[in-house]
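Comments concern the structure below.
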Amino acid sequence: MQLFLTILQLISAVAVTAIVLMQSGKRSGLSGAIAGGADTFLSKGKAKTLDAQLAKATKWVGLAFVVLTLALHFV
């Protein structure tokens with residue numbers, strides 16, 4: 001059981017690392033601070049972009065990593 005959880009944790013750790021590295025940077029400098037209000041109004045299809053899907057995947061895989069870490073601690 002412990003070996004199986006350890007392998008799953010290793011896979012989720014590699015997946016989190018890969019997903020985070022595939023995301024684009026959030027820094028947009030001064031132009032991003034000025035145009036920030038228009039960005040929320042004009043980005044209706046933002047949930048369909050690759051970055052949004054990667055952000056959602058990061059949350060879920062990160063949650064799985066934390067749960068596996070806790071499970072390994074108690075096993």
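Just so you know, these numbers use all the heavy atoms, side chains as well, and skip hydrogens, waters and symmetry mates. On a predicted model such as this, the values are computed, not experimentally measured, just so you know.
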List the atom pairs, with distances to 0.1 Å, where a side-chain N or O of residues 55-62 and a protein N or O form a donor-acceptor pair under 3.5 Å, not counting sequence neighbours.
unit_1 : atom_1 : unit_2 : atom_2 : d
T58    : OG1    : Q23    : NE2    : 2.7
T58    : OG1    : L54    : O      : 2.7

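I11 belongs to a hydrophobic cluster whose other members, connected by ILVMFWY side-chain contacts under 4.5 Å either directly or through intermediates, are L3, I7. Grouping Ile, Leu, Val, Met, Phe, Trp and Tyr by side-chain contacts under 4.5 Å, direct or through others, leaves V14 on its own. Through direct or indirect side-chain contacts shorter than 4.5 Å among Ile, Leu, Val, Met, Phe, Trp and Tyr, V66 is connected to L70.
Taking L8 as the reference, F4, L68 meet the side-chain contact (heavy atoms from CB on, under 4.5 Å) condition, with sequence neighbours excluded. Under the side-chain contact (heavy atoms from CB on, under 4.5 Å) criterion, T17 pairs with L21, sequence neighbours left out.
Side-chain heavy atoms closer than 4.5 Å link hydrophobic residues (I, L, V, M, F, W, Y) into clusters, and following such links, possibly through other members, connects M22 to V20.
Pairs of residues two or more places apart, or lying in two chains, that qualify as side-chain hydrogen bond (donor to acceptor under 3.5 Å, both in side chains) and include a residue from residues 65-75 are Q9-T69.
For the atom pair F74 CZ and L5 CG, the distance stands at 13.0 Å (nearest 0.5 Å).
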